[in-house]
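Read the structure below first, then the notes.
Index from 1, following the sequence. None of the values given here were measured: they were computed from a predicted structure.
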Amino acid sequence: MADRITVIGWDGTPLTEAAGAALAAATLVAGAPYQLNALPVPGAAERLVLGNVQLAARRIAEHRGAAVVVAEGDPGFFGVVRTLRRPEYGLELEVLPAVSSVAAAFARAGMPWEDAQVVSAHGGRLRRAANICRAHQKVAVLTAPGAGPSELALMLRGVHRTFVVCEALGTDDEDVTVLTSDRVADHDWRDPNVVLVIGGNSGGPQNGAVSEAAGWLAGRPVGYPGPERGWALPAEAYAGAGSAADAPGASDTLPAHVRALVLARLGARPGDLVWSVGAGNGALAVEAARFGAAVVAVEADRSACARLAVNARRYGVEVETVHGGGPEVLGGLPEPDAVVVESGGPAVVRAALARRPERFVAVARTFAEAEDVRRAVAEAGYRADGALLQSTPLETAPAEPAGAGAGAGLRLGAGADGVLLLWGEQIV
């Protein structure tokens, strides 16, 4: 193994004294071609182009002498340190970081970034990176060849965002461009770069509530977890502002215990895209978004769409609303990871399953419809299951007259109608 391994983060500024001394003493230097050409690499040192980091790590492990690895910015932040630290290489590192490319990008934009999400589009993760941009108001994307600003903008077609594209940060060729997302795909961009994706529901939670995460917990956007703790909130929490005038809107909300099971079966997580079809006033869509997933809500009733938008603003989350109904609407939606059909029947269920989500849930109104849905789920190659859910609320009984025995207590309230749920998971 090399006698000493130093990982130097370089952001284009002059090297620190420690970094300069390590480089001067190196007998092997690994880095990108432009770094090897720009830095004072000793003439006698072996030069190793840092392409495949695993191959470079094996070569460094075999080297006898002082090895230096040069990386962009902070090599411990989505950088080479993670790979070099794998136990199979047996390498012990000294890391000398510079300013990370993400920190530099936000500095160029003059923006704070403790509330930003940071994602990498490397390794075929462009779609998941795009879903994070759908779900959050401030995202830094580390791009890759074939997964750059243009490809990201195409993934976000129809979702309005502002792109801050940072190319060649810290070099003489540095360029920072600000464009709306609909214009990004018209340009040719250099690799690699950092893209800041900004916009969306910037108002945060309503009710005058301030997220406790804002200002002290990095990586959480304003609005998360929102003014309310938990999820599967009472139906009235999603009737607009919750006033008496909004009470009629509560009727299109699934009961809390049903939403709890639906969310558990969907398993929504950051990077996922969830469809909520027949979304009503958006209670379920909003709760899936509060888990960090990107959500597209489809609803045929315009007044319900308006209530859905109010609920999304109230809880400070991003929900893309599509007005329409029937299977034909689903054809233009981006690829889903999970789908819930709250209303629409077997035809909509089959159209949703044709898009091959990993997880699927449907609400059925009758046992006959439930059987049709179960059959459609099984025929599509999913492991099918379901349940009839019914709960009875507890309420306080009125106090008995004096001397008649015990006072007020709990009793069972009026029973609610049952809800039929069917769900399926892809068979691996």
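Of all heavy-atom pairs spanning Pro75 and Gly73, the tightest one is CD-O, 3.2 Å. Closest heavy-atom contact between Ala105 and Leu169: N-CD1, 4.0 Å. For the residue pair Val377 and Ala384, the shortest heavy atom distance occurs at CG1-CB, 3.8 Å. Residues Thr253 and Ala283 approach most closely at CG2-CB, 3.5 Å, considering heavy atoms. Residues Ala288 and Ala268 approach most closely at O-CB, 4.3 Å, considering heavy atoms. Closest heavy-atom contact between Ala235 and Arg259: N-NH2, 3.8 Å.
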Would you check, one step at a time, whether the test side-chain hydrogen bond (donor to acceptor under 3.5 Å, both in side chains) holds for Asp173 with Thr171? CA-CA 5 Å; Asp173 297 324; Thr171 72; 4.8 Å; no
Take Val81 and Leu93 through the side chain to side chain contact (heavy atoms under 4.5 Å, CB included) test and state the conclusion after the steps. CA-CA 8 Å; Val81 169; Leu93 311 178; 4.3 Å; yes
Please assess Val68 against Leu28 for the test side chain to side chain contact (heavy atoms under 4.5 Å, CB included), listing each intermediate value before the final yes or no. CA-CA 6 Å; Val68 165; Leu28 181 151; over 6 Å; no
Side chain to side chain contact (heavy atoms under 4.5 Å, CB included) between Arg350 and Val348: does it pass, once the steps are laid out? CA-CA 5 Å; Arg350 288 186 172 86; Val348 171; over 6 Å; no
Please list, one pair per line, the donor and acceptor atoms closer than 3.5 Å that link side chains of residues 320-334 to other protein atoms, with sequence neighbours excluded.
residue: Glu320; atom: OE1; partner: Arg134; partner atom: NH1; Å: 2.7
residue: His323; atom: ND1; partner: Arg302; partner atom: NH2; Å: 3.3
residue: His323; atom: NE2; partner: Ala300; partner atom: O; Å: 2.9

Please tabulate, one pair per line, all N/O donor-acceptor pairs under 3.5 Å involving side-chain atoms of residues 357-365, not counting sequence neighbours.
residue: Arg359; atom: NH1; partner: Arg265; partner atom: O; Å: 3.1
residue: Arg365; atom: NH2; partner: Glu342; partner atom: O; Å: 2.6

Table please: side-chain donor-acceptor pairs of residues 30-38 below 3.5 Å, with sequence neighbours left out.
residue: Tyr34; atom: OH; partner: Glu72; partner atom: OE2; Å: 3.0
residue: Gln35; atom: OE1; partner: Ala32; partner atom: N; Å: 2.8
residue: Asn37; atom: ND2; partner: Pro33; partner atom: O; Å: 3.1

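To the nearest 0.5 angstrom, Thr180 atom OG1 is 6.0 Å from His160 atom NE2. Interatomic distance, Asn193 CG to Ser101 OG, rounded to the nearest 0.5 Å: 10.0 Å. Here CD of Gln54 is found 9.5 Å from CG of Leu84. Values are rounded to the nearest 0.5 Å. Separation of atoms CG (Leu156) and CZ (Phe163) is listed at 5.0 Å; rounding is to 0.5 Å. A distance of 8.0 Å separates CG of Leu421 from CG of Leu254, quoted to the nearest 0.5 Å. Rounded to the nearest 0.5 angstrom, Asn131 CG and Leu273 CG are separated by 5.0 Å.
Sorted by first and then second residue, the salt bridge (Lys or Arg N to Asp or Glu O under 4.0 Å) pairs with a member in residues 377-387 form an empty list; sequence neighbours excluded. Within the structure, no pair that satisfies the salt bridge (Lys or Arg N to Asp or Glu O under 4.0 Å) test touches residues 175-185, not counting sequence neighbours. The stretch residues 74-90 participates, sequence neighbours left out, in no salt bridge (Lys or Arg N to Asp or Glu O under 4.0 Å) pair at all.
Side-chain contact between Trp423 and Leu266 is absent, with no heavy atoms from C-beta onward closer than 4.5 Å. Ile5 has its side chain within reach of Ile60: a pair of non-hydrogen atoms, C-beta onward, lies under 4.5 Å apart. Side-chain contact between Leu284 and Val340 is present, with heavy atoms from C-beta onward closer than 4.5 Å. Contact annotation: the side chain of Arg313 approaches that of Val310 to within less than 4.5 Å [non-hydrogen atoms, C-beta and beyond]. Between Glu287 and Leu233, some side-chain heavy-atom pair lies under the 4.5 Å cut-off. Between Val176 and Val165 there is no side-chain heavy-atom pair separated by less than 4.5 Å. In this structure, Val139 and Val118 have side chains that are not in contact, with every pair of non-hydrogen atoms separated by 4.5 Å or more. Within the 4.5 Å cutoff, side-chain heavy atoms of Leu389 are placed close to those of Leu261.
Applying the salt bridge (charged side-chain N to carboxylate O under 4.0 Å, His left out) criterion to Glu167, with sequence neighbours excluded, gives Arg190. Remark: Arg47 pairs with no residue by the salt bridge (charged side-chain N to carboxylate O under 4.0 Å, His left out) rule, at least two apart or across chains. Here Ser181 pairs with nothing under the side chain to side chain donor-acceptor pair (under 3.5 Å) rule; sequence neighbours left out. With sequence neighbours excluded, the residues satisfying salt bridge (charged side-chain N to carboxylate O under 4.0 Å, His left out) with Asp337 are Arg127. Considering only residues two or more places apart in sequence or on other chains, Phe77 meets the ring pair (Phe, Tyr, Trp, His ring centres under 6.0 Å) condition with none of them. Judged as a salt bridge (charged side-chain N to carboxylate O under 4.0 Å, His left out), and not counting sequence neighbours, the contacts of Glu174 are Arg108.
The closest donor-acceptor contact from the side chain of Glu369 to the backbone of Thr366 lies at 3.5 Å or more, if one exists at all. Asn311 places a side-chain N or O within 3.5 Å of a backbone atom of Asn281 that can act as its donor or acceptor partner. Although no hydrogens or angles enter the test, the distance criterion places no donor-acceptor pair under 3.5 Å between the side chain of Thr83 and the main chain of Val80. Using a distance-only test at 3.5 Å, with no hydrogens or angles considered, no donor-acceptor pair links the side chain of Lys138 to the main chain of Glu114. Side-chain atoms of Glu299 come within 3.5 Å of backbone atoms of Gly280 as a donor-acceptor pair (strictly under, hydrogens ignored). Panel note: side chain Ser150, backbone His187; a donor-acceptor pair is recorded below 3.5 Å. Thr143 contributes no side-chain N or O that, together with a main-chain N or O of Pro149, makes up a donor-acceptor pair within less than 3.5 Å. Side-chain atoms of Ser276 do not come within 3.5 Å of backbone N or O of Ala279 as any donor-acceptor pair.
Heavy-atom contacts from other residues, nucleotides or ligands closer than 6.0 Å to CZ of Arg59 number more than 12. The number of heavy-atom neighbours closer than 6.0 Å to CG of Asp188, taken from other residues, nucleotides and ligands shown, is 12 or below.
A donor-acceptor contact closer than 3.5 angstrom links the side chains of Thr13 and Asp11.
In this structure, Trp231 has its ring center closer than 6.0 angstrom to the ring center of Phe291.
Electrostatic pairing of Glu335 and Arg356 does not count as a salt bridge here, judged by no charged N lying under 4.0 Å from a carboxylate O. The residues Glu371 and Arg375 are annotated as salt-bridged, a charged nitrogen and a carboxylate oxygen being separated by less than 4.0 angstrom.
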